[in-house]
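Before any comments, here is the structure.
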Amino acid sequence: MGSNENIERKPRILVLGSTGRTGKAVIANLEHMRDSVEVIYSSRNSEQVEAWKREGKEAVHLDLDIPQTFPAALVGIDRLFLATGYTVAMVHQSKNIVDAAADAGVQFIVHLGIFGNGRMTDPHFAWHEMVERYIEGRGVAWAHLHPHFFMDNLLTTTPIVDGKFFWFAGDQPVGWIAPDDLAAVAAQVLAEGPKRHSGKQYWLSTDVLNGTEAAAEIAAGLGQPVHGVVLTPKDLIAQVTAGAITFPPSIEATYAASMLEWVRQTYEGLLNFGGVTTTVEDLTRRKPLRLRQWVEQNREAVLAAGTRKLQEAV
Ligand SMILES: NC(=O)c1ccc[n+]([C@@H]2O[C@H](COP(=O)([O-])OP(=O)(O)OC[C@H]3O[C@@H](n4cnc5c(N)ncnc54)[C@H](OP(=O)(O)O)[C@@H]3O)[C@@H](O)[C@H]2O)c1
């Protein structure tokens, strides 16, 4: 049992997924808090670790698929940002890193989960909820983050293609959350630590919009027309089966199947509890980014994602 939260030094925070969308943004926030925290980057890619070190960053090699890499990476770590990728392997990866963190004396685990209420049946939602229950039983202080639908999915799984925004959940909405706000909340919880946040759960959902409403906000953000194409989960399955829609390579097959189930459950209205949350404002004391603003700020990237998708299709 190594580190503890009572000693008079800056808490050392290890960020998993430091190259990922959320992890990178969490790190960017923590970098602005250097007066009060130490930030430790991590990657499964040794070259990336070396590149960070050359930039003067503290960085460790950690591969979630290789538990033997955990003990060395966790030496002297006080707080852990636990983020996993789009894979069913997240279940055993999370169990193993939580065990190792507890053994290494980590004092606080902040978990990046999903917008769930503890009773979710969609597979990847259920996996995340099992991880949460496991963390809670491990004897380390914890806080759970529950973001709804990332706005930056517009750059990956749901791009605007040829002026169209495809929505396969019928007229049902989801709660959009800006990655900037998720990262700001995550960094603040990590930096303020267990005294303030132990046992807390933070649900993040800024704009509750269905496909038609989202298309209108995206159009306003881009300053050009976007048509919301409202379809059903059956349409999505038909398009995936025909090869017209493919998942990015970073999304593993079992997780991808769960995403189809997520669309079905959203269509059935099973996932729309909670509505808009005030978490971002409550914690950070600033207003969260609305979808329109986020698109405005990321206009080039949103347009480029659609262009890439079109090029892939020809
Ligand atoms: N998209 C949404 O709307 C949404 C909503 C709610 C919750 N979530 C949750 O958000 C999480 C994904 O967050 P994200 O979008 O930030 O992910 P992401 O951009 O795909 O990043 C995943 C990160 O995990 C790292 N990683 C993958 N496998 C690893 C391994 N074996 N060892 C060490 N690191 C590994 C990746 O590193 P490499 O660079 O080496 O690949 C990358 O840094 C998932 O748990 C998902 O369920 C997503």
Side-chain angles (χ1 to χ4, degrees), residues 14-29 40-49 51-52 59-70 73-74 80-97 100 110-116 120 122-132 135 144-159 169 174-183 185-187 202-207 209 214 247-252 254-256 258-259 261-263 266 271 274 277 291 294 305:
L14 177 64
V15 176
L16 299 187
S18 301
T19 56
R21 293 193 281 168
T22 308
K24 205 185 279 183
V26 170
I27 285 208
N29 278 268
I40 293 92
Y41 295 52
S42 74
S43 174
R44 59 178 158 176
N45 177 342
S46 302
E47 285 171 19
Q48 175 62 73
V49 173
W52 281 324
V60 293
H61 176 244
L62 188 155
D63 188 331
L64 284 167
D65 290 321
I66 308 178
Q68 293 79 357
T69 61
F70 299 172
L74 288 164
L80 175 69
F81 179 62
L82 171 49
T84 46
Y86 297 89
T87 167
V88 64
M90 61 162 278
V91 182
H92 66 266
Q93 290 173 343
S94 300
K95 190 246 178 214
N96 294 340
I97 190 74
V110 178
H111 173 244
L112 172 60
I114 41 70
F115 200 77
M120 310 314 279
D122 168 80
H124 70 282
F125 275 43
W127 304 334
H128 272 298
E129 292 188 339
M130 283 194 55
V131 168
E132 288 164 7
I135 294 170
H144 301 324
L145 304 176
H146 300 290
H148 211 158
F149 191 75
F150 293 0
M151 291 183 189
D152 56 347
N153 289 334
L154 289 173
L155 308 181
T156 56
T157 44
T158 57
V174 294
W176 297 70
I177 175 77
D180 321 54
D181 291 323
L182 166 59
V185 165
Y202 294 113
W203 282 268
L204 297 143
S205 167
T206 298
D207 258 338
L209 304 167
F247 291 95
S250 58
I251 301 179
E252 166 276 334
T254 310
Y255 194 105
S258 176
M259 288 168 76
E261 173 63 6
W262 177 87
V263 174
T266 302
L271 301 182
T277 65
L291 180 60
W294 185 83

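All ligand and atom numbering here is 1-based and tracks the order in the structure. Predicted model, so just to flag it, every value in this text is computed and none were measured. All residue numbers refer to positions in the sequence shown, counting from 1.
Every heavy atom of A83 sits 4.0 Å or more from the atoms of ligand 1. The shortest heavy-atom distance from Q48 to ligand 1 is not under 4.0 Å. By the 4.0 Å heavy-atom criterion, K24 is excluded from the residues contacting ligand 1. The closest approach between any non-hydrogen atom of N45 and ligand 1 is not below 4.0 Å. Contact between Y255 and ligand 1 is present, with at least one heavy atom of the residue lying under 4.0 Å from the ligand.
Formation of a donor-acceptor pair under 3.5 Å by the E132 side chain with backbone atoms of G113 is not found in this model. Not one N or O on the side chain of H148 forms a donor-acceptor pair closer than 3.5 Å with the backbone of F115. D207 places no side-chain N or O within donor-acceptor distance of the main-chain N or O of L209, the cut-off being under 3.5 Å. Using a distance-only test at 3.5 Å, with no hydrogens or angles considered, no donor-acceptor pair links the side chain of S42 to the main chain of L62.
Taking every heavy atom of D65 and a limit of under 4.0 angstrom, the matching atoms of ligand 1 come to 31 (N). Residue T19 approaches ligand 1 through these ligand atoms, each under 4.0 Å from one of its heavy atoms: 36 (C), 37 (O), 38 (P), 39 (O), 42 (C), 43 (O). Every atom of ligand 1 is numbered from 1 in the order shown, and the set under 4.0 Å from a heavy atom of L62 is 32 (N), 33 (C).
Annotation: S43 places no N or O atom under 3.5 Å from an N or O atom of ligand 1; distance criterion only. For ligand 1, none of its N or O atoms has an N or O atom of L112 under 3.5 Å away. The distance criterion of under 3.5 Å between nitrogen or oxygen atoms is met by L64 with respect to ligand 1. Of the polar atoms of G20, at least one N or O is found under 3.5 Å from an N or O of ligand 1, judged by distance alone. Remark: ligand 1 and H128 share an N or O pair separated by less than 3.5 Å (distance only, no angle test).
Side chains of H124 and D122: a donor on one and an acceptor on the other come within 3.5 Å. Remark: the E252 side chain and the T254 side chain contain an N/O donor-acceptor pair separated by less than 3.5 Å.
When D63, T84, D65 are each tested for a side-chain hydrogen bond (donor to acceptor under 3.5 Å, both in side chains) with Q93, only one passes: D65.
Comparing G175, P179, G113 by heavy-atom distance to atom 9 (C) of ligand 1, the nearest is G113. Taking each of R21, M151, E252 in turn, the one with a heavy atom nearest to atom 18 (P) of ligand 1 proves to be R21. The residue from V26, T22, T84 that puts a heavy atom closest to atom 12 (C) of ligand 1 is T84.
Annotation: side chain to side chain contact (heavy atoms under 4.5 Å, CB included) contacts of N153 (sequence neighbours excluded): R21, F149, F150, T156, T157, T158. Legend: residues meeting salt bridge (charged side-chain N to carboxylate O under 4.0 Å, His left out) with K95, ordered by chain and number and at least two apart, are D99.
Only the side chain of Y86 comes within 4.0 Å of ligand 1, counting heavy atoms alone; its backbone N, CA, C and O stay farther away.
In this structure, H128 has its ring center under 6.0 Å from that of H111.
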